[in-house]
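I am attaching a structure below and will ask some questions about it afterwards.
Any value given below was found using the heavy atoms of this structure, including those in side chains, with hydrogens, waters and symmetry copies removed.
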Amino acid sequence: NSTDKLDAPPVPWMHGAAGIMGGAISMTMFYPLDLLRTRAHTADQHGSRLRNAKTLFREEGVRGLYRGVTMAVCAHSIGWGTYLTLFRTAQNSFRALNGGDSVAGDFSAACCAATATATLVTPLNLVKTRVQLHDKHGVRPAGVLSGLRTVVREEGIASLFRGVGP
């Protein structure tokens with residue numbers, strides 16, 4: 001019966017796949033804004049964000065606006081895919097325990113998914129931020145694994161998770 005399929009609980013991996021695709025597409029579209037925001041948080045630049053964007057474009061071109069996009073797409077898509085998969089899995093578990101939907105169950109599922117996802121993607125965001133902040137003449141990680149290995153070698157494995165806890 002087709003209505004039985006509609007009443008079935010959501011399949012977590014399908015939400016995860018949607019999160020991966022949505023995260024990748026949205027980060028690809030809006031990456032220059034993420035790059036400018038990250039640089040604005042750390043720079044001593046004065047003036048408008050538009051002026052900073054024009055300067056970046058003039059000095060580094062379109063490639064400069066998309067420097068580090070691969071790392072950002074990787075982190076963002078993994079983050080959203082993981083979050084939605086874990087949220088739906090936890091939500092289904094809480095529904096089974098509670099005998100149905102509940103605000104407390106949904107809230108708990110969201111907290112569990114967010115905590116696990118934040119812990120997982122923090123190392124990726126660390127490397128992404130470092131790629132975004134390097135100057136055009138500096139040395140930057142060649143890729144995701146290279147960046148992670150460099151951080152572990154030079155700063156220790158605990159530095160990958162700096163900022164996760166209190």
Side-chain angles (χ1 to χ4, degrees), residues 1-42 49 53 65-133 140-166:
N1 191 344
S2 63
T3 57
D4 291 339
K5 290 181 183 178
L6 294 176
D7 293 334
V11 182
W13 70 264
M14 291 175 69
H15 291 272
I20 289 170
M21 290 185 292
I25 291 167
S26 66
M27 182 51 75
T28 301
M29 288 174 56
F30 296 107
Y31 180 75
L33 298 175
D34 184 60
L35 173 68
L36 291 168
R37 177 189 51 84
T38 300
R39 288 192 177 183
H41 283 280
T42 61
R49 291 213 169 52
L65 291 174
Y66 282 91
R67 176 181 292 118
V69 70
T70 303
M71 171 58 69
V73 167
C74 181
H76 207 65
S77 60
I78 288 172
W80 276 108
T82 301
Y83 175 80
L84 291 174
T85 300
L86 293 176
F87 173 73
R88 284 300 186 187
T89 300
Q91 188 181 46
N92 289 342
S93 297
F94 285 119
R95 281 179 180 159
L97 287 172
N98 297 329
D101 289 334
S102 74
V103 172
D106 288 349
F107 178 77
S108 298
C111 289
C112 292
T115 301
T117 301
T119 303
L120 176 71
V121 299
T122 292
L124 300 175
N125 285 325
L126 170 72
V127 176
K128 173 191 79 106
T129 301
R130 290 186 180 187
V131 168
Q132 289 177 329
L133 294 178
R140 68 181 179 101
V144 177
L145 294 177
S146 169
L148 293 171
R149 279 193 298 263
T150 300
V151 170
V152 169
R153 184 178 60 248
E154 294 178 3
E155 302 171 41
I157 196 161
S159 65
L160 290 173
F161 299 97
R162 192 176 302 136
V164 169

| field | Ser146 side, atom OG; Met71 side, atom CE - distance, nearest 0.5 Å | value | 9.0 Å
| field | salt_bridge(Glu155, Arg149) N-O dist < 4.0 Å | value | no
| note | Of all heavy-atom pairs linking Cys111 and Thr115, the shortest is O-OG1, 2.8 Å
| Any side-chain heavy-atom pair of Pro12 and Asn92 under 4.5 Å | yes
| request: Please name the pair of heavy atoms, one in Cys74 and one in Ser77, separated by the smallest distance, quoted to 0.1 Å. | output: O-OG, 3.3 Å
| task | Give the ring-plane orientation class for Trp80 versus Tyr83, where under 30° counts as parallel, over 60° as perpendicular and anything between as tilted. | result | perpendicular
| Do Val73 and His76 have side-chain heavy atoms sitting under 4.5 Å apart? | no
| request: Answer whether the closest heavy-atom distance between the side chains of Leu160 and Leu126 falls below 4.5 Å. | output: yes
| said: Tell me whether the count of non-hydrogen atoms from other residues, nucleotides or ligands lying under 6.0 Å of CZ in Phe161 goes above 12. | reply: yes
| said: Main chain of Gly156, side chain of Ser159: is a donor-acceptor contact present, judged purely on distance under 3.5 Å? | reply: yes
| task | Look up atom CZ in Phe94 and atom SG in Cys112, then write down how far apart they are to the nearest 0.5 Å. | result | 4.5 Å
| query | So, do Leu148 and Leu124 sit near enough that their side-chain heavy atoms are less than 4.5 Å apart? | reply | yes
| query | Could you walk me through whether Val151 and Arg130 pass the side chain to side chain contact (heavy atoms under 4.5 Å, CB included) check? | reply | CA-CA 10 Å; Val151 170; Arg130 290 186 180 187; 3.5 Å; yes
| Asn125 versus Ala75, closest heavy-atom pair with distance | OD1-CB, 3.6 Å
Distance-only donor-acceptor hits, side chain of residues 20-36, under 3.5 Å, sequence neighbours excluded:
{"residue": "Ser26", "atom": "OG", "partner": "Gly22", "partner atom": "O", "Å": "3.0"}
{"residue": "Ser26", "atom": "OG", "partner": "Gly23", "partner atom": "O", "Å": "3.3"}
{"residue": "Thr28", "atom": "OG1", "partner": "Ala24", "partner atom": "O", "Å": "2.7"}
{"residue": "Tyr31", "atom": "OH", "partner": "Arg67", "partner atom": "O", "Å": "2.4"}
{"residue": "Tyr31", "atom": "OH", "partner": "Gln132", "partner atom": "NE2", "Å": "3.2"}
{"residue": "Asp34", "atom": "OD1", "partner": "Arg37", "partner atom": "NH2", "Å": "2.2"}
{"residue": "Asp34", "atom": "OD2", "partner": "Lys128", "partner atom": "NZ", "Å": "2.8"}
{"residue": "Asp34", "atom": "OD2", "partner": "Gln132", "partner atom": "NE2", "Å": "2.9"}

| query | Measuring from Leu86:CG to His15:NE2, what's the distance to the nearest 0.5 Å? | reply | 13.0 Å
